[in-house]
Amino acid sequence: MASDASPAIALTIAGSDSSGGAGIQADLKTFTALGVYGASVLTAITAQNTLGVQAVHCIPPDVIREQIKSVASDLDVRAVKTGMLGDRTIVETVAAALKQHMLRPLVVDPVMVATSGDVLLEPDAIEAVVKQLIPLADIITPNLHEAARLLDTTIATSVADMADQGRRLLALGAKHVLIKGGHQTGRDSIDVLVGPEHVETFTSARIETRNTHGTGCTLSAAIAASLAKGGSLRAAVGTAKTFVSRAIESGAALRIGHGAGPIDHLYDLRHG
């Protein structure tokens with residue numbers, strides 16, 4: 001466990017959201033809110049706001065490789081998360097660098113589509129995620145649509161379906177799978193954690209709000225932050241679920257932008 005003089009360090013490898021609600025910006029806010037020093041490797045620049053994604057520019061793979069090398073050669077990284085990776089070459093570059101520099105534990109958020117519906121991962125990159133990135137992961141955090149796409153199947157409609165898909169994703173090589181149920185309907189928001197020998201649900205009350213921009217990024221970043229501080233994976237998932245739920249609740253009344261606004265990552269600071 002890192003001392004107060006040497007804070008735990010977490011690394012995010014993801015894309016930039018120019019409006020600040022998701023991606024690298026959301027990850028760094030989450031790390032800060034949870035008391036972790038955040039480092040970052042940029043994979044893409046998006047022109048993005050609460051209404052959608054207007055443009056994407058992927059960072060050259062050699063620059064991504066050098067960013068990872070630069071951080072890993074100097075900082076004592078205690079946990080890593082990946083977010084938007086953009087295309088097949090970037091997935092392959094990141095996977096190779098993670099192995100080379102032995103960066104673990106690894107949280108993989110298989111970002112494919114933004115809240116607005118805009119595509120953030122090219123279709124031909126999905127195979128690389130499945131074959132090269134998922135086997136490195138200590139936990140992957142797909143939402144219902146991402147889990148179905150990774151397995152080339154229909155979207156889960158029940159907790160039992162989510163658990164079944166989690167077991168199938170586990171077979172791809174990840175140590176744990178957390179399928180997020182936020183896109184389901186109903187009174188509660190239920191996430192399902194599947195491990196080698198257990199299935200566990202994490203439940204919170206569903207909050208009616210359109211301000212959900214960045215929830216997936218935030219959840220995976222919160223898991224990474226807790227792991228960086230030395231927590232168990234189960235405890236990390238519980239902490240992350242609570243953090244996101246409170247950020248959604250606090251952010252429901254915020255008016256940032258004209259579309260799907262962000263959640264409130266800094267609710268503790270804003271409310272004292």
Side-chain angles (χ1 to χ4, degrees), residues 10-32 38-72 77 79-98 103 106-126 128-129 132-134 136-137 140-143 145-146 149-150 180 212-225 244 256-257 259-263 265:
L11 170 64
T12 170
I13 303 174
S16 168
D17 171 6
S18 51
S19 70
I24 288 279
Q25 288 84 347
D27 294 343
L28 293 177
K29 290 175 187 178
T30 301
F31 292 163
T32 300
S40 61
V41 168
L42 200 61
T43 60
I45 299 169
T46 70
Q48 183 175 174
N49 55 30
T50 64
L51 299 172
V53 179
Q54 292 79 44
V56 175
H57 171 70
C58 288
I59 303 299
D62 60 328
V63 177
I64 295 172
R65 188 180 303 111
E66 286 302 311
Q67 289 180 81
I68 296 173
K69 178 181 177 182
S70 182
V71 173
V77 175
V80 187
K81 70 145 286 187
T82 62
M84 175 188 176
L85 299 180
D87 61 33
R88 184 184 189 95
T89 303
I90 292 176
V91 174
E92 294 172 344
T93 298
V94 169
L98 290 169
L103 293 169
L106 173 63
V107 181
V108 172
D109 184 13
V111 177
M112 298 180 188
V113 179
T115 301
S116 60
D118 296 284
V119 175
L120 298 178
L121 183 70
E122 296 297 327
D124 69 348
I126 295 175
V129 170
Q132 298 188 44
L133 195 59
I134 287 179
L136 303 178
I140 63 173
T141 61
N143 61 33
H145 296 83
E146 290 161 349
R149 185 66 185 86
L150 289 168
K180 300 172 293 191
T212 58
H213 185 54
T215 49
C217 303
T218 301
L219 183 73
S220 57
I223 293 172
V244 171
I256 298 175
I263 62 178
H265 298 90

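- The line from CG of Leu106 to CG of Leu98 is 5.5 Å long, rounded to the nearest 0.5 Å.
- Thr82 contributes atom OG1, which lies 10.0 Å from atom CG of Asp27 (distance to the nearest 0.5 angstrom).
- Nearest heavy atoms, Gly15 versus Leu42: C-CD1, 4.1 Å.
- Side-chain contact between Thr12 and Thr30 is absent, with no heavy-atom pair separated by less than 4.5 Å.
- In this structure, Gln67 CD and Leu11 CG are separated by 9.5 Å, a value rounded to the nearest 0.5 Å.
- Here the closest non-hydrogen pair linking Gln25 and Ser16 is NE2-OG, 3.0 Å.
- Looking at Gln48, its side chain never comes within 3.5 Å of a backbone N or O of Asp17 through a donor-acceptor pair.
- The shortest side-chain heavy-atom distance between Leu121 and Val111 does not fall under the 4.5 Å cut-off.
- Across Arg149, Glu146, Met84, a single residue satisfies side-chain contact (heavy atoms from CB on, under 4.5 Å) together with Pro110, and that is Glu146.
- Side-chain atoms of Thr50 and His213 form no donor-acceptor pair, as typed in the model, at a separation below 3.5 Å.
- To the nearest 0.5 angstrom, Cys217 atom SG is 8.0 Å from His265 atom NE2.
- Asp87 contributes atom CG, which lies 8.5 Å from atom OG1 of Thr93 (distance to the nearest 0.5 angstrom).
- Lys81 contributes no side-chain N or O that, together with a main-chain N or O of Ala10, makes up a donor-acceptor pair within less than 3.5 Å.
- For Thr46 (side chain) and Val56 (main-chain N/O), no donor-acceptor pair under 3.5 Å exists by modelled atom type.
- Gln132 CD to Glu92 CD: the interatomic distance, rounded to the nearest 0.5 Å, is 4.5 Å.
- The shortest side-chain heavy-atom distance between Arg65 and Lys69 does not fall under the 4.5 Å cut-off.
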